[in-house]
Amino acid sequence: MSLQLHNSLVGKKQPFAPLHEGKVGMYVCGVTVYDYCHVGHARVMIVFDVVYRWLKKLGYDVNYVRNFTDIDDKIIARAAERNIDIDTLTDDMITEFHQDMDALGCLRPSLEPRATTHMGSMIAMIEALIARDCAYVSESGDVLYSVRSFDGYGKLSGKNIDDLESGSRVDVDDSKRDPLDFVLWKRAKEGEPSWDSPWGAGRPGWHIECSAMSCEHLGNTFDIHGGGMDLKFPHHENEIAQACAANGGDFARFWLHNGFVNINAEKMSKSLGNFFTIREVLKKYQPEVLRMFVLGTHYRSPLDFSDQALDVAKVGLDRLYETKRRLAGKTVEESNVTEAFAAALNDDFNTPEGLAELFECSRRINKGLDNNVDISLDIQHFSAMSALLGIVQQDAETWFQGDSDDSAAIEALIVERTEAKKARDFARSDVIRDELAAQGIVLEDGASGTTWKRG
RNA sequence: GGCAGGGUGGCUCAGUGGUACGGCGGAGGAUUGCAAAUCCUUUAUUCGCGAGUUCGAUUCUCGCCCCUGCCUCCA
């Protein structure tokens, strides 16, 4: 079966075919760089990392663009708060962001454009919108987008303008022709960073950034646009309105939205304050645990965050690493994933089903090892599937034992215990095992000697 | 109020018009000096509730209940 994507634009799965043979253009909304990333951000990045990896595996030449919003109200406020330059803040946060992403095993996108270096294309797009009567300069001096001018407004989010207005919580701004009109260009306020434009000094609105940067780097019409479900409205709706009205054609062809990360059945978010940063989680859990946790649920479903859920992910990974550990020393040839795995990923990136296949493959290997039958093909599959998901990528001993420096002492005790066992002095060997167990060390007596891990 | 997405075993998470995948946990067995790990067997007359369509529905349709989100910044 070929790749099927759930396209938010039509609300169902559709067969995927790129605009240009063999090439895929994909844009994913990145982060606003004013603070550390939390688990919600981690989910988007991990989900689209797997999308990226799978598209490449299918043989596409993928141009993956993920932006940084490096100018907005929150950034200005935070820089002022910390009494540092905006550039210092954003550069710093981008470095921290990359650190988190690298830790999580997310491949770097092809390009990570920053809003502040794309003023030209944003201004050009706004000019085009004004020329087409889709935007206007308000009394306050801001440039606004006129939502009534765009017929398809609301198509992505399944809303219509009248419904939006009746349920609107937005304060009515007199300078707007319509309450739903949104800012394309904000006139500079005293002391704020600004860029020159035909409408005076100012800075871009959030939505225009993504429309301009995606079109500049991927062309006016491109294949995939992704992001969190919360960006569907108004952000992505506005992106479509801007790009389509300015360019006169289609914008992104497939829209992919991932579900939220919840805590106690509530959305994890900055505003609710119920978030955990990635680095907080990584103090307690290895990065692959977070990855496993994310991939264990389909990307569009809600994902409940809890220590218990992470523990479950950890135990599952342990199982896979036990298999990898038994494979130590065996050379693995480059190979492909199983058909079942490919079918799962092709079905709108069904990673839980992909994981099920990986676990089954693990069992086949263990069984083969126990019964001494040829499992070379399974080993290749195991390696290819785990690599594709970006898990079980560490050395198994490191995974189980960590890299602290008490290993020598532990191993000395294991040698002593082995001697005792050889002498059938089980009382002594059990004492040693108990001593180690008290330190959290679990021993496993295998056919080729004793191995250990931290429990 | 409008719109979107959900409700599957003790927990978690897939899936399908013909009685349900995987993981965790539980029980039993093999293996082991005993463990650990691994393997085998087992663990949902049942998929929120009611009705309809059908030979047959958890899967389709309708109604209802409950949960979450979006409609303001948000991944």
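Heavy-atom basis, side chains included; hydrogens, waters and symmetry copies ignored. Here is how names work: the chains are called A, B, and so on, in the same order as the sequence lines, proteins then strands, and each is numbered from 1.
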Inset, instruction - Quote, to the nearest angstrom, the C1' distance that separates B:G26 from B:C60. - result: 37 Å
Legend entry - Phosphate OP1/OP2 of B:C70 contacted by A:K267 side-chain N/O (<4.0 Å): yes
Legend entry - Same-atom distance (P) from B:A44 to B:G22, integer angstrom: 14 Å
Legend entry - B:A36 to B:C13 separation - P atoms, rounded to the nearest Å: 29 Å
Legend entry - 5' priority, RNA chain B, between A:T297 and A:F426 [closest heavy atom]: A:T297
Inset, instruction - Considering only atom C1', compute the distance from B:A75 to B:C39 and round it to an integer number of Å. - result: 42 Å
Legend entry - Any strand: nucleotide that pairs with B:G69 via Watson-Crick or wobble, under 3.5 Å: B:C3
Legend entry - Stacked cation flag A:K159 on A:F233, 6.0 angstrom / 45 deg: yes
Legend entry - Under-4.0 Å side-chain N/O to phosphate OP1/OP2 contact, A:R364 with B:C39: no
Inset, instruction - Return yes if the base of B:C34 and the side-chain atoms of A:R433 contain a donor-acceptor N/O pair under 3.5 Å, otherwise no. - result: yes
Inset, instruction - Evaluate whether atom CD of A:E435 has more than 12 neighbouring non-hydrogen atoms of other residues, nucleotides or ligands under 6.0 angstrom away. - result: yes
Legend entry - A:E397, A:E444, A:E411 screened by side chain to side chain donor-acceptor pair (under 3.5 Å) with A:W452, the one that passes: A:E411
Legend entry - Under 4.0 angstrom between A:K367 side-chain N/O and B:C40 OP1 or OP2: yes
Inset, instruction - For B:G5 and B:G10, measure between their C1' atoms and round to the nearest Å. - result: 26 Å
